[in-house]
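Only one structure is covered here, and it is reproduced in the block below.
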Amino acid sequence: MKETIKKYLHRYFIDAMGAMALGLFASLLIGTIFGTLYKYTELELLNTIATYAKAATGMAIGVAIAHRLGAHPLVMFSCAAVGAMSNAMGAIIANQGGSVIKWAATVGDGSGVFYAAGPAGAFFAVIIACEIGQLVSKKTKVDILVTPVVTLVIGFAASWLLCPLVSYVMYYLGSFVSYATTFQPLLMGIVLSVVMGVVLTLPISSAAICAMIFSEAAYAVALTNGTAEGFLLAGGACVAGCCAQMVGFAVISFRENRWGGIVSQGLGTSMLQMGNIVKKPVIWVAPTLAAALTGPISTMIFKLKCQGVAAGMGTCGLVGPIGVIDSTEPGTMMWIGLALVCVVLPAIFSIIFNEIMRKLGWIKTGDMQLES
């Protein structure tokens, strides 16, 4: 029983969530990058690409998860539609009190805040539709009709039942983060930076989690509640934490991994160190302490802002810094803060903490060696 539970937890919350992050990267994230480039170049081509890439978010998530779960072709392609509907479905929530006004809505009607379940809703609905679709796929002589019908009907039912609940939970989670960061930017800067940095290094998707918490719907609610500033600062703290892990591990493992390690961890992912962390957890201390320092520096001093999936990407492909540029008021302080919080300070703090632990004999050369 224990092994079965472990198997399915790995299948859904590591494999499926990792695939969801790839779907987000190929649609919403890339769309955000093109949108940022359009903002500075005003090339209409870039704006067009950004618009369609973002519009395909639900479909990309659906196909990515179904592919990772090993779905047959008809199930996979049907999951594109399931992803689209579940990404768009949610609930209309009252501005005051947070009660649900309309269940399973796909657009606002002016009576409250429309809160789409977004990637979180798509994650659950697609998994359910995919797994049940697989049960009937290739089992009948009219598979070309049966499989899409079953997958879509189950997908709709899952979306109708779950997406409003997901949107309700995301509504309160986003509101909590917004209010808490508005009134306690120092404490939340530390907490969010550390937690999201740790999540980034673990074999789960920080990008997917941030896409759920820092969605456009969550931002709309924050605007309504007057906590939009705190909401965006919280996203900036998450970027700081993710950058601290990636840059931190890249620099403190330079002895072992040289320039290849700088690129693979600094622009790729600190998740590469997970095997070494399991063997010797103390190597995780330096980047995590660095995150605890850069998070509040981001919220209190430079007031860096971010939202959406970019908040959970760190320096991977420079997506985190691009997200900060997209959401923060341009100016000298932004550029200085971006360089210090995302690159310079994580490197300095991580090196200092790491060297202290080396002097104490807690860490030695070879502990962070990556497999070639």
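We're numbering straight along the sequence, starting at 1. What you see is a predicted model, and the numbers here were worked out from it, not measured in a lab.
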Side chain to side chain contact (heavy atoms under 4.5 Å, CB included), that's the test. Do I65 and I127 meet it? Break it down for me. CA-CA 7 Å; I65 292 176; I127 287 176; 4.0 Å; yes

From [X] atom [atom1] to [Y] atom [atom2], the distance as rounded to the nearest 0.5 Å:
| X | Y | atom1 | atom2 | answer |
| --- | --- | --- | --- | --- |
| Q265 | T269 | CD | OG1 | 9.0 Å |
| T181 | F176 | OG1 | CZ | 8.0 Å |
| I101 | I92 | CD1 | CD1 | 7.0 Å |
| M246 | L200 | CE | CG | 6.0 Å |
| S193 | M188 | OG | CE | 11.5 Å |
| S298 | L340 | OG | CG | 11.0 Å |

State, to 0.1 Å, how close [X] and [Y] come at their nearest heavy-atom pair, and which atoms those are.
| X | Y | result |
| --- | --- | --- |
| V100 | A91 | CG1-CB, 4.0 Å |
| A311 | C210 | C-SG, 3.7 Å |
| M85 | S159 | CG-OG, 3.8 Å |
| V126 | S86 | CG2-OG, 4.4 Å |
| I262 | A250 | CD1-O, 3.3 Å |
| S175 | N225 | OG-ND2, 4.1 Å |

I need the single residue from I351, V251, V247, T315 that forms a side-chain contact (heavy atoms from CB on, under 4.5 Å) with P346. Which is it?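 Only match with P346 under side-chain contact (heavy atoms from CB on, under 4.5 Å): V247.
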
Determine the interplanar angle of the Y171 and Y168 rings, folded into 0 to 90°, and report it as parallel if under 30°, tilted if 30 to 60°, perpendicular if over 60°.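 The rings of Y171 and Y168 lie parallel, inter-plane angle below 30°.
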
F123 vs F13 aromatic rings, parallel, tilted or perpendicular, using cut-offs 30° and 60°?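 It falls in the tilted class, 30° to 60°.
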
Is it true that, when you exclude [X] itself, more than 12 heavy atoms of the residues, nucleotides or ligands shown sit nearer than 6.0 Å to its [atom1]?
| X | atom1 | answer |
| --- | --- | --- |
| K364 | NZ | no |
| H67 | NE2 | no |
| Y52 | OH | no |
| E44 | CD | yes |
| K102 | NZ | no |
| I144 | CD1 | no |
| K279 | NZ | no |

Compare all side-chain heavy atoms of [X] with those of [Y] and state whether any distance is below 4.5 angstrom.
| X | Y | answer |
| --- | --- | --- |
| M368 | N354 | yes |
| T328 | M333 | no |
| S215 | M170 | no |
| V324 | V341 | no |
| N276 | D367 | no |
| L370 | S253 | no |
| T294 | C243 | no |
| I132 | T151 | no |

Under 3.5 Å: donor-acceptor pair, side chain of [X], backbone of [Y]:
| X | Y | result |
| --- | --- | --- |
| S137 | Q134 | no |
| K280 | W362 | yes |
| S167 | A117 | no |
| R11 | L69 | yes |
| W103 | W160 | yes |

Verify same cluster id: [X], [Y] (apolar side-chain graph, 4.5 Å):
| X | Y | answer |
| --- | --- | --- |
| I297 | V191 | yes |
| M59 | I154 | no |
| V146 | V153 | no |
| Y8 | M20 | yes |
| I128 | I14 | yes |

NZ/NE/NH1/NH2 to OD/OE distance under 4.0 Å, K305 and E229: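 Result for this pair is yes, salt bridge flagged.
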
Using a strict 4.0 Å threshold on nitrogen-to-oxygen distance, state whether R358 and E355 make a salt bridge.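 Here R358 pairs with E355 in a salt bridge, since their nearest N and O are under 4.0 Å apart.
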
Exercise: do [X] and [Y] side chains pair donor with acceptor under 3.5 Å:
| X | Y | value |
| --- | --- | --- |
| T147 | D143 | yes |
| E131 | Y12 | yes |
| T201 | S270 | yes |

Taking the six-membered ring for Trp and the single ring otherwise, decide whether the centroids of Y38 and F34 are under 6.0 Å apart.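 Not under 6.0 Å, so no.
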
Taking the ring centre of each residue, are Y219 and F214 less than 6.0 Å apart?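 No - the distance between ring centres of Y219 and F214 does not fall below the 6.0 Å cut-off.
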
W284 and V198: side chain to side chain contact (heavy atoms under 4.5 Å, CB included), yes or no, with the steps? CA-CA 9 Å; W284 210 352; V198 167; 3.7 Å; yes

Side chain to side chain contact (heavy atoms under 4.5 Å, CB included), that's the test. Do L338 and I325 meet it? Break it down for me. CA-CA 8 Å; L338 193 67; I325 293 170; 3.8 Å; yes

Quick one, Q273 with N257, criterion side chain to side chain contact (heavy atoms under 4.5 Å, CB included). Give me CA distance, side-chain angles, the key distance, then yes/no. CA-CA 11 Å; Q273 286 289 348; N257 304 307; 3.9 Å; yes

